[in-house]
Amino acid sequence: MKLNTDTVLITGGTSGIGLEMAKQLLLLGNTVIVTGRDIAKLESTKRDLPAVHIYQSDVCDSRAISELYAKATSDFPNLNILINNAGIMRAVDFNDTDYDKICDEIDVNLSGPIRMVQRFLPHLKKQSQAAIVNVSSGLAFVRFRRTPVYCATKIAVHSYTQSLRRQLKGTGIKVFELAPPKTSKPLFNRAGAEPDNNRFPTMDVPKVVEAAIDGIKKDRFEIKPGMSKILKFAGRLTL
């Protein structure tokens with residue numbers, strides 16, 4: 001991928017990896033669209049990055065995704081890259097948990113990307129060159145005690161992405177997976193996973209995004225920056 005004249009839509013683009021993706025892709029000369037549920041965060045992102053385009057949307061809501069699709073593809077007919085970054089992480093104790101929210105991570109982290117891909121795929125197929133980037137996690141490959149549902153969703157995203165890549169082989173759509181290691185982004189901070197969390201060194205978010213962009217440019221379909229490559233190998237050994 002060139003990543004200098006593309007039109008990119010990033011879900012969950014108001015913080016962490018999504019926001020840094022927007023920053024770096026704008027600097028490369030791309031048109032960047034970010035989505036999120038919180039209008040205040042979207043407006044703050046727009047103030048910080050005036051060149052970015054914002055849409056309020058929710059990856060858990062099929063109707064909202066359809067509305068986003070209609071607006072985004074009308075406003076940006078050359079939209080050719082979808083980055084499924086929106087995600088949540090919760091510390092879950094199965095002995096004392098909130099059953100009303102036990103599947104929230106599944107709905108956002110797994111069902112969200114599937115919904116987005118299914119809706120935007122017809123448009124992406126019309127482009128001469130297109131890409132889908134699904135953000136999983138290095139924690140997909142290990143058993144992280146405090147965040148069991150999160151880890152399960154991310155290994156599912158890994159598997160889904162592999163199957164999607166095989167189905168779209170021979171089309172103009174390239175399918176990438178970014179599996180970030182632990183970062184200082186709010187997602188990990190909110191999980192508060194002591195003492196397990198301290199076993200993994202952190203990687204700066206800008207460095208993760210630099211590795212992601214380099215991998216996409218080089219058509220490296222599984223991008224595992226920092227500790228993620230080691231975690232995948234270690235996970236195989238401990239199965």
Please indicate whether Gln118 has more than 12 foreign heavy atoms, meaning atoms of other residues, nucleotides or ligands, lying under 6.0 Å from its CD. no
Which pairs pass ring-ring contact (aromatic ring centres under 6.0 Å, His included) with one or both residues in residues 105-127, sequence neighbours excluded? Tyr69-Phe120
State, to 0.1 Å, how close Ala212 and Met21 come at their nearest heavy-atom pair, and which atoms those are. CB-CE, 3.6 Å
From the options Leu82, Thr35, Ile83, select the one residue that forms a side-chain contact (heavy atoms from CB on, under 4.5 Å) with Met116. Leu82
Listed partners of Lys174 passing salt bridge (charged side-chain N to carboxylate O under 4.0 Å, His left out), at least two apart: Asp219
I'd like to know if the side chain of Thr11 and the backbone of Ala86 have a donor-acceptor N/O pair within less than 3.5 Å. yes
So, are Asp6 and Lys2 salt-bridged, with charged N and O less than 4.0 Å apart? no
Mind listing the closest non-hydrogen atom pair of Arg119 and Ser66 along with its distance? NE-OG, 3.6 Å
Which heavy atom of Thr161 sits nearest to which heavy atom of Val175, and what is that distance? CG2-CG1, 3.6 Å
Distance alone, cut at 3.5 Å: any donor-acceptor contact between the side chains of Thr153 and Glu105? no
Just one of Asn84, Asp61, Asp107 clears the side-chain hydrogen bond (donor to acceptor under 3.5 Å, both in side chains) bar with Arg115, so which one? Asp107
Taking every non-hydrogen atom, the tightest pair across Val135 and Val157: O-CG1, 4.1 Å
Does a salt bridge link Glu222 with Arg220, judged by any charged N lying under 4.0 Å from a carboxylate O? no
